[in-house]
Undergrad: 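The following block contains the structure, expressed as structure tokens.
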Amino acid sequence: MKFGKDLEQYKVKGWEDAYIDYKGLKTILKRLEEENPDVDDIDSDFFQALEEELEKVNRVFHER
């Protein structure tokens, strides 16, 4: 996926821990491909993880 490669290319040393965990979010979404997925559970997990990632990025941005 070109988007993922672009993200990796532009990472700045020392900031790696501050980036959104796109792979983790993608892993949650991949659960939709399972047989009879619990969409409500996956939605809940995804949006909770997304909110936590955005808060992490925001916190680091304000600290630096």
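From a predicted model like this one, the values you see are computed outputs, not experimental measurements.
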Undergrad: Partners of Arg59 by salt bridge (charged side-chain N to carboxylate O under 4.0 Å, His left out), sequence neighbours excluded?
TA: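 Partners of Arg59 under the salt bridge (charged side-chain N to carboxylate O under 4.0 Å, His left out) test: none.
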Undergrad: The criterion is salt bridge (charged side-chain N to carboxylate O under 4.0 Å, His left out); which residues satisfy it with Lys56, sequence neighbours excluded?
TA: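 With neighbours one apart ignored, the set is Glu53.
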Undergrad: With sequence neighbours excluded, tell me which residues meet side-chain hydrogen bond (donor to acceptor under 3.5 Å, both in side chains) with Asp40.
TA: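 Partners of Asp40 under the side-chain hydrogen bond (donor to acceptor under 3.5 Å, both in side chains) test: none.
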Undergrad: Rounded at 0.5 Å granularity, tell me how far CG in Leu54 sits from CZ in Phe61.
TA: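 Answer for the CG-CZ pair, Leu54 versus Phe61, is 13.5 Å.
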Undergrad: Return the CG to CG distance between Asp45 and Leu25, rounded to the nearest 0.5 Å.
TA: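 Going from the CG atom of Asp45 to the CG atom of Leu25 covers 11.0 Å.
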Undergrad: When rounded to the nearest 0.5 angstrom, what distance separates NZ in Lys30 from CD1 in Ile42?
TA: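 Interatomic distance, Lys30 NZ to Ile42 CD1, rounded to 0.5 Å: 12.5 Å.
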Undergrad: I need the Arg31 CZ to Asp41 CG distance, nearest 0.5 Å.
TA: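 It is 5.5 Å, given to the nearest 0.5 Å.
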Undergrad: Just how far is it from atom CD of Gln48 to atom CG of Leu50, taken to the nearest 0.5 Å?
TA: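 Interatomic distance, Gln48 CD to Leu50 CG, rounded to 0.5 Å: 10.0 Å.
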